[in-house]
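Let me begin by presenting the structure, written as structure tokens, before commenting on it.
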Amino acid sequence: MKDEGISEFVIEARNLTKVFRDFWGRPTVKAVNNVTLDVRRGEIFGLLGPNGSGKSTTIKMILGLLHPTSGHLAVLGQSPRSVSVKSRIGFMPEESYLYKYLTAEEILNFYANLYGLSGQHKTERVDALIGQVGLTHARHRRVGEFSKGMARRVGLAQALLNDPDLILLDEPTSGLDPIACREVKDLLLALARQGKTILICSHHLSDMQDICNRVAILLQGEVCASGSVQDLLTTPDTLKLTLQAPSQTTLNTILDMLERETGIRPQVDHTGRTLESVFIETVSQRRSDSTHKSSCSPEKSV
Amino acid sequence: MNRSRKEREEKRTGFPPKAEQTNLCELRDFCKSALTRTTALAGLTLRDAIRSRLLVSLSTILVIGLVGLPLLISGDNTLNGRLQVILNYTLSFTLAMLSIVTLWAACGGVSSEIQDRRLYLVLTKPVHRHELWLGKWLGIVALNALLLVLTGCIIGTMTWHTLRTSPESDSAKRQAREQFLLARQSVFPESPVSESQALASAEALVKSGRTPAGMTTAQVEAELVKELKRSRSTVAPEGNLRFAYNLPARATGVNDFILNYRFESSRPARTPVSAEWTITTDGGASLHVDVTNYPGVPNTLLIPCTAIRGAQTLSLVYHRLDRDNPATLFMAQNGREPELLIPSGSWVMNLSRGLLMMLFRLAFLSALGLTAGCLLSMPVAVFAAFFILVLLASAGYVESVASTGVFYIPHEGQAQTPTWLDKAVLHQFKALNFITRPIHRLDPVPLLEEGRRISWLLTAQAMLWLAGIYTAITALAGISLFNRRELG
């Protein structure tokens with residue numbers, strides 16, 4: 001079935017336009033305007049933009065929920081409305097649009113049925129994903145009782161049920177704590193290494209910077225900038241130098257030399273850690289300590 | 001797929017058309033996975049009803065309604081009266097309640113899921129929209145089936161309990177069983193007026209020129225039949241009227257026959273009429289029963305099975321005994337001649353078939369609700385669906401207007417001459433009647449209330465028309481429009 005191997009692009013959008021119309025067919029808003037995008041196999045592509053920039057509309061067109069007004073859109077070499085394409089796509093929406101009266105396991109079983117999985121294969125897949133997203137302890141609890149983060153984990157698990165070739169994620173880290181966020185990012189990087197193509201739509205720019213290979217920035221329905229993250233972030237005529245703090249005399253000598261060379265006195269600042277790294281380090285340390293203590297406690301040892 | 005069709009498809013979608021499936025194994029797998037998806041969606045709908053406590057709430061309301069209604073409506077406090085209340089009110093209540101709930105659940109099944117976007121996740125999976133529609137429909141039909149089984153059990157238990165605990169005599173209980181707890185088939189008397197004879201007479205009249213100007217042969221024939229029937233139904237003081245019935249094979253057994261008749265009097269005073277029914281079989285057995293009835297009300301005559309055992313034809317003669325009453329009686333008002341109800345199967349099976357017919361009706365209503373829900377938002381869909389339900393409930397009135405052309409009969413004076421607007425609306429009523437007539441005709445409630453037999457043929461007709469043709473047309477319209485709908 002995977003016959004699109006001849007094409008390098010998993011998503012091809014050419015001059016994609018979407019105009020919303022009112023009841024009488026009069027155009028009301030041009031949500032996407034002449035967008036051209038290419039997402040290559042195995043890359044993590046980020047779609048950035050402020051609210052109302054057309055990100056969600058673009059994703060919905062890729063998912064076949066909305067139909068383009070004009071332009072060409074191909075997903076895995078086929079029309080996005082084709083059902084066979086949908087069997088190779090995993091989608092995690094921004095909100096957890098899940099059936100709240102079902103348990104985590106029932107939801108995954110239901111979606112597995114929709115993907116045509118059955119028998120032992122279905123059971124194994126559901127069990128593996130529940131473990132992978134860390135919901136083994138809550139698999140028989142109803143989703144309505146879940147926190148937002150736990151519901152997001154179910155959302156992620158259902159997006160991976162069919163071992164998809166293309167994964168579309170709308171705000172994947174929204175509602176997750178920093179550790180879960182890190183785990184999700186690690187999972188996405190691992191999936192990309194397996195050859196999966198991932199399209200992420202997010203406001204968390206640091207997350208996008210961490211994991212995306214390429215990004216496109218949308219504004220008012222148009223692509224303002226696109227390219228690899230490396231290229232977009234690099235300022236060609238500026239360098240960042242990191243040193244083990246020297247003595248003040250040595251530092252002044254270096255700064256004087258650089259000022260003579262460039263005509264501008266360089267900025268000097270301490271290298272800071274991000275709050276995320278401090279949080280992860282602290283929580284991981286505390287968990288490791290408590291695990292160690294409990295394993296050494298008399299009750300445990302008995 | 002030929003070349004030009006392929007090109008057209010490619011031009012329309014921008015993508016080359018899929019290769020046709022020639023491999024039988026692929027086709028089998030495709031059908032299997034489609035079935036898995038549809039049953040998963042049906043199961044989800046049913047589970048939704050169970051987990052959201054809809055099933056429990058509906059069951060409770062049904063139990064309260066079905067048990068409470070006969071307690072609230074006292075009737076005439078006889079065993080017959082109590083059984084009549086159980087059968088008459090509970091079935092109408094069940095059908096009305098389930099119709100409303102079905103429309104509500106079906107409208108909400110799709111439109112509310114679109115509104116809260118749960119359907120986005122489902123439709124981004126490899127699910128065809130017709131599978132989604134079908135799954136939801138099956139789920140709602142299964143929910144209705146469960147509730148109808150519950151209804152059947154409650155009605156059966158209540159009837160059994162009423163009969164068992166009744167303080168009335170055994171013969172009264174037997175009579176009640178004969179009257180209510182038996183499926184009965186209608187037999188009408190042989191028409192003494194032959195249509196071919198009337199046609200021949202009409203042609204002769206037209207040829208001889210003794211007909212009013214401008215009347216066609218068909219009109220003359222219709223008038224002749226009407227007049228002959230009218231004269232055939234008249235009973236003068238001390239006069240008599242004979243009705244002959246051909247009984248179907250194996251009609252006689254251990255159960256009594258019932259004769260339903262009604263007459264009108266030529267005098268406005270509603271004085272009782274004394275008469276004698278003489279029942280004669282082709283075997284020569286004869287039975288005389290004296291009766292006193294009032295005009296304008298339905299009357300019943302129980303014919304004991306012992307008097308008619310082995311009979312193939314039955315002759316009934318109505319002989320008036322009231323010499324002092326000068327009124328003339330009309331026995332076949334509106335063409336309804338005395339109807340002989342003969343035993344034809346068990347009541348339990350009849351009730352089961354009736355509930356099955358109700359299920360087919362609810363299946364059509366759920367299709368209607370789903371289609372409305374696929375196209376419109378929840379409140380608009382519910383409003384549209386209920387408007388259609390009201391139209392369907394008025395099918396009897398629509399049929400009457402379409403056949404008579406009269407919208408209403410004023411209390412005093414004659415109906416006014418129809419205006420152009422009346423004529424225009426009448427055409428719409430006729431068109432509507434064309435659609436609603438099968439639905440009205442296949443309503444099992446009046447049949448069950450009157451203890452009439454619901455044949456397997458009638459049940460099959462209900463399945464064909466309501467769960468088949470009507471549902472399929474509604475589904476095709478709904479699915480094709482839903483396929484075009486964007487979910488933004």
Side-chain angles (χ1 to χ4, degrees), chain A residues 14 18 20-21 31 56-57 59-68 71-74 77-103 106-107 109-118 122 142 144 155 158-159 161-162 168 170, chain B residues 9-10 12-19 21 26 29-55 112-132 135 376-377 380 483-488:
Chain A
R14 300 269 176 274
K18 178 66 193 175
F20 286 109
R21 296 175 188 278
S56 295
T57 306
I59 288 230
K60 281 174 189 166
M61 284 195 282
I62 292 169
L63 287 166
L65 295 173
L66 290 176
H67 315 152
H72 171 80
L73 177 64
Q78 292 182 52
S79 161
R81 292 171 69 185
S82 154
V83 168
S84 59
V85 162
K86 289 179 182 178
S87 64
R88 296 168 58 195
I89 294 180
F91 170 56
M92 177 190 180
E94 183 179 359
E95 295 291 327
S96 300
Y97 305 133
L98 301 169
Y99 295 95
K100 296 193 188 326
Y101 50 83
L102 297 181
T103 65
E106 285 170 344
I107 280 189
N109 275 321
F110 167 66
Y111 287 124
N113 283 331
L114 297 189
Y115 279 120
L117 305 181
S118 59
K122 181 174 83 173
R142 291 194 186 179
Q158 64 79 30
L161 264 171
N162 56 330
L168 297 161
D170 201 353
Chain B
E9 179 79 9
E10 189 167 354
R12 191 173 67 81
T13 60
F15 294 92
K18 282 189 285 186
Q21 281 183 324
E26 276 182 18
D29 290 348
F30 173 77
C31 292
K32 196 180 160 192
S33 57
L35 193 67
T36 308
R37 290 191 292 267
T38 309
T39 47
L41 286 159
L44 183 83
T45 308
L46 203 55
R47 195 173 283 180
D48 184 5
I50 295 167
R51 296 268 170 93
S52 63
R53 299 193 178 89
L54 177 71
L55 184 63
S112 69
E113 286 202 19
I114 292 174
Q115 222 160 340
D116 61 25
R117 300 179 177 199
R118 282 182 294 176
L119 219 54
Y120 282 22
L121 265 187
V122 175
L123 290 177
T124 53
K125 306 287 181 279
V127 175
H128 291 278
R129 292 196 182 185
H130 66 260
E131 289 168 353
L132 176 85
L376 306 163
S377 63
V380 187
N483 273 330
R484 288 177 175 80
R485 184 173 174 179
E486 291 184 301
L487 300 174

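The figures here come from the full heavy-atom set of this structure, side chains too, leaving out hydrogens, waters and symmetry mates. Convention: sequence-line order gives letters A, B, ...; per-chain numbering from 1. All values reported here derive from a predicted model rather than from experimental measurement.
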**OP:** First locate atom CD1 of A/Ile59, then atom OG1 of B/Thr124, and finally report the distance between them rounded to the nearest 0.5 Å.
**Re:** 11.0 Å
Subject >> Close side-chain approach of B/Leu119 to A/Tyr97, heavy-atom, < 4.5 Å >> reply: no
Subject >> N-O pairing of A/Glu106 and B/Arg51 below 4.0 Å >> reply: yes
**OP:** For residues B/Leu41 and A/Leu114, determine if any side-chain heavy atom of one lies less than 4.5 Å from a side-chain heavy atom of the other.
**Re:** yes
Original post:
Would you call B/Glu486-A/Lys18 a salt bridge at under 4.0 Å N-O?
Top reply: yes
Subject >> Minimum side-chain heavy-atom gap A/Tyr115-B/Arg37 below 4.5 Å >> reply: no
Original post:
Could you give the distance from CG (B/Leu123) to CG (A/Leu63), rounded to the nearest 0.5 Å?
Top reply: 10.5 Å
Original post:
So which part of A/Leu102 gets closer than 4.5 Å to some heavy atom of chain B, the side chain, the backbone, both or neither?
Top reply: both
Subject >> Heavy-atom pair with the smallest gap, counting every atom of A/Tyr101 and B/Arg47 >> reply: CE1-C, 4.3 Å
Subject >> Heavy-atom neighbours of B/Arg53 CZ exceed 12 at 6.0 Å >> reply: no
Original post:
Under a 4.5 Å cut-off applied to non-hydrogen side-chain atoms, are B/Val127 and A/Val83 in contact?
Top reply: no
Original post:
So which of B/Asp48, B/Asp116, B/Thr38, B/Thr36 has the largest heavy-atom pair count under 4.5 angstrom toward chain A?
Top reply: B/Asp48
Subject >> Close side-chain approach of B/Leu487 to A/Leu66, heavy-atom, < 4.5 Å >> reply: no
**OP:** Decide yes or no for B/Leu121 and A/Pro93: does some side-chain heavy atom of the first lie under 4.5 Å from some side-chain heavy atom of the second?
**Re:** yes
Subject >> Flag side-chain contact, heavy atom, 4.5 Å: A/His67 against B/Arg485 >> reply: no
Subject >> Best-contacting candidate, A/Ser87, A/Gly116, A/Ser118, against chain B by heavy atom pairs under 4.5 angstrom >> reply: A/Ser87
Original post:
Is B/Lys125 close enough and on-axis enough to A/Tyr111, meaning under 6.0 Å and within 45°, for cation-pi?
Top reply: yes
**OP:** List the steps, then state whether side-chain hydrogen bond (donor to acceptor under 3.5 Å, both in side chains) holds for A/Tyr99 with B/Glu113.
**Re:** CA-CA 10 Å; A/Tyr99 295 95; B/Glu113 286 202 19; 2.7 Å; yes
